[in-house]
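In listed order, ligands and their atoms are each counted from 1. Index from 1, following the sequence.
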Amino acid sequence: MRSNANIAGPMTDPVPGPRTESTGADVSRETPPPMDDTPIGRAAQLAVEALGRAGEGLPRPEQTRVIVVANQKGGVGKTTTTVNLAASLALHGGRVLVIDLDPQGNASTALGIDHHAEVPSIYDVLVESRPLAEVVQPVPDVEGLFCAPATIDLAGAEIELVSLVARESRLQRAIQAYEQPLDYILIDCPPSLGLLTVNALVAGQEVLIPIQCEYYALEGLGQLLRNVDLVRGHLNPTLHVSTILLTMYDGRTRLASQVAEEVRTHFGDEVLRTSIPRSVRISEAPSYGQTVLTYDPGSSGALSYLEAAREIALKGIGISYDASQAHIGAQNDPSMVEGIQ
Ligand SMILES: Nc1ncnc2c1ncn2[C@@H]1O[C@H](COP(=O)(O)OP(=O)(O)O)[C@@H](O)[C@H]1O
Ligand SMILES: [Mg+2]
């Protein structure tokens with residue numbers, strides 16, 4: 001779908017290099033022989049690019065940004081987005097905490113964090129008032145990334161919270177009492193709008209909504225947006241929808257580009273220029289307890305999440321993102337989607 005290029009930004013260069021920076025570091029780029037124009041050749045080159053870029057570092061926010069990843073639909077990419085964005089932000093040099101607020105514990109699994117029933121978890125924080133610091137674990141393989149895991153106990157928390165004091169603001173209090181310096185906290189919500197999600201909305205300043213480029217993409221979003229308004233009006237005046245991320249984007253289908261266009265018309269600037277392609281690598285990574293950033297750093301999925309993270313980091317400090325300067329172009333080039341999955 002070449003005609004989609006303008007929808008997600010003019011990022012169609014199949015093997016993009018940094019077009020703005022031209023430092024001595026580029027010298028080495030000139031020495032290797034030109035890569036074959038094959039999917040594997042391009043994937044290898046992209047892997048090198050990705051690894052080089054990960055250490056690049058991004059400006060850090062002045063205060064911890066608490067980002068709630070929510071959409072009451074299941075299977076739209078909330079967990080995938082939470083863990084891969086978090087890993088990307090950490091690889092860009094940030095200190096990042098993922099709070100797993102879904103009883104299924106998929107984010108904990110994907111980050112390789114032990115979360116069997118006896119592990120101290122976010123349930124203990126919410127229901128037993130245990131300090132957050134006592135449940136946070138470092139994520140193996142990614143420096144600067146931490147996780148507060150969810151165990152199966154959390155399934156009962158929706159009900160147990162009802163009778164507790166300050167039931168909507170228990171997560172907020174726990175985060176406020178957490179003393180470790182952090183640049184970002186990403187909260188992975190369950191697919192519902194119950195008390196767990198409300199706790200996340202009260203604790204955060206920003207809502208990130210992943211939208212799957214599929215039929216009925218926008219259905220049910222009104223309800224989430226009304227909840228955000230309600231929480232803003234009554235409990236958390238700073239809350240706002242800061243980011244919409246298009247996920248599982250398949251540039252080969254007309255449907256994906258139609259959904260993308262509809263979402264951009266509806267939400268405008270909140271929609272990231274970077275969209276996340278449908279990628280087998282992204283879906284394989286969790287079964288190895290890894291994010292796609294470590295599982296296959298050169299894949300289109302890894303590069304897209306790195307780029308989305310860059311966009312979010314720059315937006316957060318008021319620098320407008322120029323898609324023509326994007327470091328990648330893989331996600332909107334159908335041959336790449338096919339080639340390096
Ligand atoms: N970009 C993607 N490409 C391919 N599969 C994806 C992608 N994003 C998510 N998935 C897969 O889709 C399923 C649902 O994603 P998940 O992040 O668990 O959604 P949610 O947390 O909203 O329920 C998972 O199996 C995941 O591996
Ligand atoms: Mg999930």
Side-chain angles (χ1 to χ4, degrees), residues 8 67-88 98-113 115 122 147-152 154-155 158 186-194 196-197 200 207-221 223-224 243-253 255-256 259-260 272 274-293 295-296 299-309 328 330-334 336-341:
I67 303 177
V68 181
V69 182
N71 186 333
Q72 78 271 32
K73 254 192 220 181
V76 299
K78 287 183 291 298
T79 301
T80 306
T81 293
T82 303
V83 299
N84 289 304
L85 262 188
S88 298
V98 168
I99 296 181
D100 190 349
L101 217 52
D102 186 339
Q104 304 224 5
N106 293 340
S108 313
T109 305
L111 293 172
I113 298 289
H115 62 110
I122 201 69
C147 175
T151 60
I152 194 65
L154 196 58
E158 291 277 7
L186 270 65
I187 307 175
D188 186 27
C189 289
S192 66
L193 294 172
L196 288 172
T197 298
V207 183
L208 185 160
I209 308 178
I211 295 183
Q212 185 183 0
C213 293
E214 260 304 336
Y215 286 117
Y216 308 124
L218 294 175
E219 198 176 70
L221 275 188
Q223 211 183 342
L224 171 61
T243 312
I244 309 284
L245 178 62
L246 297 169
T247 64
M248 300 181 232
Y249 186 87
D250 185 343
R252 294 165 296 184
T253 70
L255 175 64
V259 171
L272 292 188
T274 310
S275 44
I276 307 301
R278 186 173 280 285
S279 144
V280 174
R281 289 287 185 257
I282 289 179
S283 57
E284 284 171 351
S287 53
Y288 297 89
Q290 289 191 45
T291 69
V292 74
L293 281 304
Y295 178 65
D296 188 350
S299 63
S300 60
L303 293 170
S304 304
Y305 273 114
L306 277 173
E307 192 63 18
I328 56 157
Q331 76 268 41
N332 295 314
D333 181 337
M336 293 303 294
V337 172
E338 212 154 30
I340 64 177
Q341 274 186 2

If you measure from [atom1] on [X] to [atom2] on [Y], what distance do you get to the nearest 0.5 Å?
X	Y	atom1	atom2	answer
L186	C147	CG	SG	11.0 Å
I211	S275	CD1	OG	12.0 Å
D100	T79	CG	OG1	7.0 Å
I209	T247	CD1	OG1	12.0 Å

May I ask you to decide if [Y]'s main-chain N or O and [X]'s side chain share a donor-acceptor pair within less than 3.5 Å?
X	Y	result
N84	Y305	no
S108	A150	yes
N71	P210	yes
Q212	M248	no

Is the closest N or O pair between [X] and ligand 1 shorter than 3.5 Å?
X	value
G74	no
T80	yes
T79	yes
S279	yes
V280	no
K78	yes

Legend entry - Non-hydrogen protein atom less than 4.0 angstrom from atom 13 (C) of ligand 1: no
Legend entry - Under-4.0 Å protein heavy-atom contact, atom 24 (C) of ligand 1: no
Any idea which atoms of ligand 1 are less than 4.0 Å away from a heavy-atom of [X]?
X	answer
I276	1 (N)
P277	1 (N), 2 (C), 3 (N)
V76	19 (O), 20 (P), 22 (O)
S283	5 (N), 27 (O)
G75	14 (C), 19 (O), 20 (P), 22 (O), 23 (O)

Inset, instruction - Around atom 19 (O) of ligand 1, find the nearest protein heavy atom and jot down its residue, atom name and distance. - result: G77 N, 3.0 Å
Inset, instruction - Heavy-atom distances under 4.0 Å are what count here, so tell me which part of P286 touches ligand 1: side chain, backbone, both or neither. - result: neither
Legend entry - Sole candidate of I187, V69, D188 that passes side chain to side chain contact (heavy atoms under 4.5 Å, CB included) when paired with I99: I187
Inset, instruction - Report the member of E284, M248, Q104 with the shortest heavy-atom distance to atom 6 (C) of ligand 1. - result: M248
Legend entry - Heteroatom N/O/S of T79 within less than 2.8 Å of the Mg ion (ligand 2): yes
Inset, instruction - Using non-hydrogen atoms of the residue, decide whether G301 is closer than 4.0 angstrom to ligand 1. - result: no
Legend entry - Residues, nucleotides or ligands: over 12 heavy atoms within 6.0 Å of E284 CD: yes
Inset, instruction - Evaluate the side-chain proximity of T197 to L101: yes if any heavy-atom separation is below 4.5 Å, no if none is. - result: no
